[in-house]
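Chain letters run A, B, ... following the sequence lines, proteins first, then strands; residues in each count from 1.
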Amino acid sequence: MSRARAVSGQRLGDLGAAHGVSVPPDLRRAKGWVGNLMERLLGATATSRSVPDFEKIGVELKTLPVSSRGVPLESTFVCTIPLGEVGDVEWEESRVFRKIRRVLWMPVQGERQIPVGERMVGAPLLWSPSDAQCAQLRFDWEELAGVIGRGDVESITGHLGVVLQVRPKAANAASRRRGVDQDGANFATLPRGFYLRSSFTRGILADNFSLPEVRRP
DNA sequence: TATTGATCATGC
DNA sequence: GCATGATCAATA
């Protein structure tokens, strides 16, 4: 938290320069740049292993692009979906629950009109879901995991789910991953991931900071 | 214009 | 291919 507070209020360009990281002209070809920079600044273990960013304290790091008024501009990716087994897993042992039980949110200005190097880091927030938030997440997760477990992943669109949604998570629309239908037969389908809706993360910020009045799901 | 579906980069 | 880090951009 000391490190997080130290970068709060600073511009990405200055932070990058201090760490020998060059700033891309935009994020079209560097979508993970802000997240990767924050990992370096805060001392997270930057690997592709399925463990929390801060392994010893069980904390996941998430940067959150926000407007000048502090409203999230994008949904938040949580995890990919093991299509063949998600229907047989309990909520408490799910990837979603494990991933978001402790999150360090780092809001960062995300408006495209602001040059990447001039975007400022906001106030950090170490967060765990409240009982009410857990209930919301669990409700959506059980519905979505249930549909996938029935072998109906193809019927899911981003519209389903109040706080959590399922959307593609792939290199492109031709990507394929094994799925399992109701009869246990394999089939090829687009890889999917769970995402937190921006209305949900907006509520998290609103609960902890002074933001414009918002309606939460 | 908010949102969904598509896409980009990197490591192993 | 699948995990990490996400944002872009077409469209409803």
If you look at every strand shown and take non-hydrogen atoms under 4.0 Å, does [X] touch a base, only sugar-phosphate, or nothing?
X: Ala30(A); result: nothing
X: Arg112(A); result: base
X: Thr63(A); result: sugar-phosphate
X: Pro65(A); result: sugar-phosphate
X: Gly32(A); result: base
X: Thr157(A); result: sugar-phosphate
X: Leu73(A); result: nothing
X: Arg167(A); result: base

Please determine whether a side-chain nitrogen or oxygen atom of [X] lies at a distance below 4.0 Å from atom OP1 or OP2 of [N].
X: Arg29(A); N: dA9(B); result: yes
X: Arg95(A); N: dA3(C); result: yes
X: Thr80(A); N: dC2(C); result: no
X: Lys99(A); N: dA3(C); result: no
X: Arg28(A); N: dA9(B); result: no

- Message: By nearest heavy atom, map Leu61(A) and Gly110(A) onto DNA chain C; which one lands nearer the 5' end?
- Response: Leu61(A)

- Transitive ILVMFWY side-chain link Ile100(A) to Tyr195(A), under 4.5 Å: no

- Leu137(A), Leu125(A): one ILVMFWY side-chain cluster at the under-4.5 Å cut-off? yes

Separation of atom [atom1] in [X] from atom [atom2] in [N], rounded to whole Å:
X: Glu55(A); N: dT4(C); atom1: CD; atom2: C1'; result: 14 Å
X: Phe77(A); N: dC8(C); atom1: CZ; atom2: P; result: 17 Å
X: Leu190(A); N: dG1(C); atom1: CG; atom2: C1'; result: 14 Å
X: Glu111(A); N: dT7(C); atom1: CD; atom2: P; result: 13 Å
X: Arg40(A); N: dT4(C); atom1: CZ; atom2: C1'; result: 16 Å
X: Lys31(A); N: dT4(C); atom1: NZ; atom2: C1'; result: 15 Å
X: Tyr195(A); N: dT4(C); atom1: OH; atom2: P; result: 12 Å
X: Ile100(A); N: dG5(C); atom1: CD1; atom2: P; result: 14 Å

Out of [options], whichever nucleotide has its closest atom nearest the side chain of [X]:
X: His159(A); options: dC2(C), dA6(C), dT4(B); result: dT4(B)
X: Ser198(A); options: dA6(C), dT3(B), dA6(B); result: dT3(B)
X: Glu60(A); options: dC8(C), dA6(B), dG5(C); result: dG5(C)
X: Ala170(A); options: dT4(B), dG5(C), dT7(B); result: dT7(B)
X: Arg177(A); options: dT4(C), dA6(B), dC2(C); result: dC2(C)
X: Gln165(A); options: dT4(B), dA6(C), dT4(C); result: dT4(B)

- Query: So which one's nearest nucleotide on DNA chain B is more toward 5', Glu74(A) or Asn172(A)?
  - Reply: Glu74(A)

- So which one's nearest nucleotide on DNA chain B is more toward 5', Ser75(A) or Ala173(A)? Ser75(A)

- Task: Carefully, step by step, assess Glu92(A) and Arg101(A) under the rule salt bridge (charged side-chain N to carboxylate O under 4.0 Å, His left out).
- Result: CA-CA 10 Å; Glu92(A) 287 82 2; Arg101(A) 55 192 311 174; over 6 Å; no

- Parallel, tilted or perpendicular: ring planes of Trp141(A) versus Phe194(A), cut at 30 and 60 degrees: tilted

- Side chain Lys169(A) and base dG5(B) donor-acceptor under 3.5 Å: no

- Task: Take atom CZ of Arg28(A) as the centre, draw a 6.0 Å sphere, and report whether it contains more than 12 heavy atoms from other residues, nucleotides or ligands.
- Result: no

- Message: Quick check: closest heavy atoms across Glu93(A) and Arg98(A), and the distance to 0.1 Å?
- Response: O-NE, 3.2 Å

- Message: For the CE atom of Met1(A) and the CG atom of Leu104(A), what is their distance to the nearest 0.5 Å?
- Response: 6.0 Å

